[in-house]
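Naming: A, B, ... by sequence-line order, numbering from 1 per chain.
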Protein chains: 2
Amino acid sequence: MSVGIRHDDLRRRNRAMVIAAVRRAGRPSRTEIAATTGLSHSTISAISADLIGEGILAEGKPSEAGSLKRGRPQVGLGLNPEAAAVMTVVLSLNFLSVAVIDYAGQVISEEQRRLDTLTMSREALIGECVAIVRRRLEDPDIDVRSVARIALAIQGITDTDARAMLWSPITPQTDIAFADILEAEFGIPATMENDCNMMAVALRWRDPERYRDDFIAILLSHGIGMGLVLKGELFTGTHSSGGEFGHMIHRPGGALCRCGRRGCVEAYAGNYAIWRNAKQLGEDTEPVADVSDAQMRALAATARERAGPEREAYRKAGEALGYGLGSLFALIDPAPVAMVGVSAAAFDLIEPALREAIAQTAGGQHSKSISFDTEPNELPLIREGCAMRALTFVDQEIFAPGVQAKAGAGKNVA
Amino acid sequence: MSVGIRHDDLRRRNRAMVIAAVRRAGRPSRTEIAATTGLSHSTISAISADLIGEGILAEGKPSEAGSLKRGRPQVGLGLNPEAAAVMTVVLSLNFLSVAVIDYAGQVISEEQRRLDTLTMSREALIGECVAIVRRRLEDPDIDVRSVARIALAIQGITDTDARAMLWSPITPQTDIAFADILEAEFGIPATMENDCNMMAVALRWRDPERYRDDFIAILLSHGIGMGLVLKGELFTGTHSSGGEFGHMIHRPGGALCRCGRRGCVEAYAGNYAIWRNAKQLGEDTEPVADVSDAQMRALAATARERAGPEREAYRKAGEALGYGLGSLFALIDPAPVAMVGVSAAAFDLIEPALREAIAQTAGGQHSKSISFDTEPNELPLIREGCAMRALTFVDQEIFAPGVQAKAGAGKNVA
DNA sequence: CTCCATTTTTTCGAGCCTCAAAAAAATTCT
DNA sequence: AGAATTTTTTTGAGGCTCGAAAAAATGGAG
């Protein structure tokens, strides 16, 4: 059972709340913070005095060009960019991207690099990651000691503790404890996150109006991934990063999936599956290793131009996604969906069949009210999510430390 | 964003924690409570003195026949049965069951009644419920004023606020706000819960070792229902009671389901579906209204005896359940499963195909490690879950009241 | 230019709450 | 009967938040 609340926890939690309020609002005044947190002015005053004294917050002009109102002007409270820094490492197919971000969220150093992830050895892959991180840490603009956290993201399955990649489509290697490796190498706390989960975190940060308590981010790429936020919390499985939406069974015994099983949603909606159907290769054909974005765009163009196997391939993708979403909606009730990735740019080809399929399912009662957003470029989203993830960690675990600082990723606050 | 923690919340939460610890442990000593809650002895002493003064707890002998150890003997703290009472109302197919339960969890009055729910008018159905509740409240053994909460459970879909039944297979009526009706009639706070969710609550209460943080309760009855506990919390959809496992799509365009759609899991695994397949009526045949338990048991007996359509019907049920569970496990990772209801008694016929199907899915990697329990009788479970639900409400909202007493069901603490 | 109205922020005292340590209570063992 | 042991209560200290009042900082009116 959950443990009692100690007296000291109170201050810790309220500190964290104030920091979170500032991060969200930008440059709120003390009065605004009091309003959003529900705490009294005196408490906010005391806590913010502490935080300023510790160099975590800094005073400045308020966000609104005030001076219109009478009375003592508000003093804006902002995050002190120099309070700390975090690092994001995004590993995707043939690509490695690293950035250092200050406490206020600005990128202060970055590097990107092409790799051949599918053929690299385990050691080479790890080596590249360690090397690129080291180069960034040696950047003269960066104070190494200020880097408080590293967040990695990778396509594939990670464990719930956010320590290791268990399996990924971008490499034949399995079970690499990237978080432990980087921690050991640089002595900086690190976590290993699932890319789709980071997309969800970023969407929530970008548009809290639309993506608040319940929503779904679906990555339409070579494979199909999902990030799910339920009741305001990032949903992960109990053991792994979970949400293996792409491997829900669409048709028992159906098309061959990259995972070796049959009939998964991905085996109809992943890039390789659309490609396979468009080229009429048959559902038992071994999935190709990669289809370039340009090839996919060409496929979509053809499908738009004329009826034929290309158009049919997208229809099948839509159907699979629709039934999958429908089954998901049977479990969690419908929620806004963001489609991310190359094939999101071909969503016009996918949507009709998708909606029709959803309408055949339990979730389909409100089929018309379900709304879709599209975002063709996943990488920036993933990086942004990683940054927020790492910064939130610093906010909570370093600047509002409690007795029970957990080893793992802490709470799944999206 | 969540609101700051007030100073008064502290006491409230710790009071609730102490009550919960006593409810769980039976008759713990103050020292034991201190150990399980993590609070200091002095705090426990202060809080329990308050609670005894208010008549919520009462001193007595400790649960263990102690006197073996040296030193001052422990004083057991138990719930005072007279502190309050709650009422459970379980509405199932052709059956209505009501009980009054004291604060310590003992049944002190009950009544059961056969109805013809499928043909009753809306008014008659509501009237029966109101009448049976009134009769129990007029029982001379019951002090009406002590009844602090009514929990209803029904098969079907309820809303997230636990106010209304939205749809149920046991009646053609829809959208009956039972909770509001009973509240208005008797002035006692009421909630309307989903039966499978109550099963899950009860399982957790009965066997916290096995059913702790993550598990699944599946009702194998005329229809297929599910109660899901994830990370220690009852999982409900965002709008409805959610978990419409029975209406996940097993085969797109497949067998006709009672819900009017095609290919749902229930259309292969519900009693009517097993019946339909056993009688070789064809998948488009309109589902029958009811199959008696005796008929189902006869079917199972035949299936055990010889190969034939009966055995094949159970195989198909297993397959559908297996693929459904597999898809679920793709999302949430595998967890222990309890099979409840008549067909749980025929689980031997279902299990082989079920396991084979799971092995074909993403969740199937750990197929062998997934364990199933069976419990053929759902009604006692549902009643027990309702009772715990209502008692927990009294513990939290009445005996540890806070500023923000929410209107709805409060937190989903299973 | 001065003074008042207005709004934000800080200060101060009160009231709770939890905690650690010590004291008191209630037994068993010798 | 006294020592040892364990549970429970008491006591005092330290923290935290809150409301009210004071202080600060500005715009507007005369």
Side-chain angles (χ1 to χ4, degrees), chain A residues 3-18 22 25 27-53 57-77 400 402-403, chain B residues 3-18 21-22 25 27-53 57-77 400-403:
Chain A
V3 97
I5 300 181
R6 297 283 180 54
H7 203 218
D8 2 346
D9 283 352
L10 232 171
R11 213 356 160 10
R12 178 186 161 272
R13 294 203 196 194
N14 287 342
R15 269 174 73 106
M17 190 108 26
V18 169
V22 174
R27 295 196 81 78
S29 69
R30 291 171 175 79
T31 311
E32 285 176 66
I33 299 173
T36 57
T37 59
L39 297 170
S40 72
H41 286 186
S42 11
T43 304
I44 299 301
S45 190
I47 292 176
S48 52
D50 283 0
L51 293 173
I52 291 170
L57 298 186
E59 292 193 338
K61 288 273 154 275
S63 55
E64 290 305 298
S67 33
L68 295 165
K69 288 181 303 183
R70 196 143 126 143
R72 178 172 174 172
Q74 303 185 347
V75 181
L77 250 42
V403 200
Chain B
V3 95
I5 300 181
R6 296 282 180 55
H7 201 221
D8 0 350
D9 283 353
L10 233 170
R11 204 19 168 334
R12 179 186 159 273
R13 294 203 196 197
N14 287 343
R15 269 174 74 106
M17 190 106 27
V18 170
V22 174
R27 296 196 80 80
S29 70
R30 292 170 174 79
T31 312
E32 285 176 65
I33 299 173
T36 56
T37 59
L39 297 170
S40 72
H41 286 186
S42 14
T43 303
I44 299 302
S45 190
I47 291 177
S48 51
D50 282 1
L51 292 173
I52 291 171
L57 298 187
E59 291 194 337
K61 289 274 153 277
S63 55
E64 289 305 298
S67 31
L68 296 163
K69 288 182 301 184
R70 192 143 126 147
R72 177 173 176 172
Q74 304 186 347
V75 180
L77 249 41
V403 200

Does anything in residues 39-51 of chain B pair up under salt bridge (charged side-chain N to carboxylate O under 4.0 Å, His left out), and if so which pairs, sequence neighbours excluded?
B/R11-B/D50

Round to a whole Å and report the spacing from CZ of B/R12 to C1' of D/dT17.
17 Å

So for the helix from C/dC1-D/dG30 to C/dT30-D/dA1, with five pairs setting each end axis, what is the inter-axis angle to 10°?
20°

Residue closer to the 5' end of DNA chain D, B/I44 versus A/L10 (nearest nucleotide):
B/I44

A/R11, nearest nucleotide to its side chain (from D/dC16, D/dG19, C/dC17)
D/dC16

A/S45 side chain to A/H41 backbone, donor-acceptor under 3.5 Å:
no

5'-most contact on DNA chain C (nearest-nucleotide basis), A/S42 vs B/S42, goes to A/S42

Please tell me which of the listed nucleotides, D/dT17, D/dT8, C/dT18, lies nearest to the side chain of B/H41?
D/dT8

Can you tell which of A/I44, A/T43, A/T36, A/L77 makes a side-chain contact (heavy atoms from CB on, under 4.5 Å) with A/V18?
A/I44

Charged N to carboxylate O below 4.0 Å: is that the case for B/R27 and B/E32?
no

Can you tell me how far P of D/dC16 sits from CG of B/D9, to the nearest Å?
17 Å

Give me, pair by pair, the N or O atoms of the protein and of nucleotides 3-7 of chain D that are less than 3.5 Å apart, along with how far apart they are.
from: D/dA4; atom 1: O4'; to: B/R70; atom 2: NH2; distance (Å): 3.4
from: D/dA4; atom 1: O3'; to: B/R70; atom 2: NH2; distance (Å): 3.3
from: D/dT5; atom 1: O4'; to: B/R70; atom 2: NE; distance (Å): 3.4
from: D/dT5; atom 1: O2; to: B/G71; atom 2: N; distance (Å): 3.4
from: D/dT6; atom 1: O2; to: B/R72; atom 2: N; distance (Å): 2.7
from: D/dT7; atom 1: OP1; to: B/Q74; atom 2: NE2; distance (Å): 3.1
from: D/dT7; atom 1: O4'; to: B/R72; atom 2: O; distance (Å): 3.2
from: D/dT7; atom 1: O2; to: B/R72; atom 2: NH1; distance (Å): 3.3

Check the phosphate of D/dC16 against A/N14, side-chain N and O only, distance under 4.0 Å to OP1 or OP2. Yes or no?
no

How long is the gap from CG on B/L39 to CD1 on B/I47, to the nearest 0.5 Å?
6.0 Å

Hey, which of these two, A/I47 or B/S45, hits DNA chain D nearer its 5' end, going by closest nucleotide?
B/S45

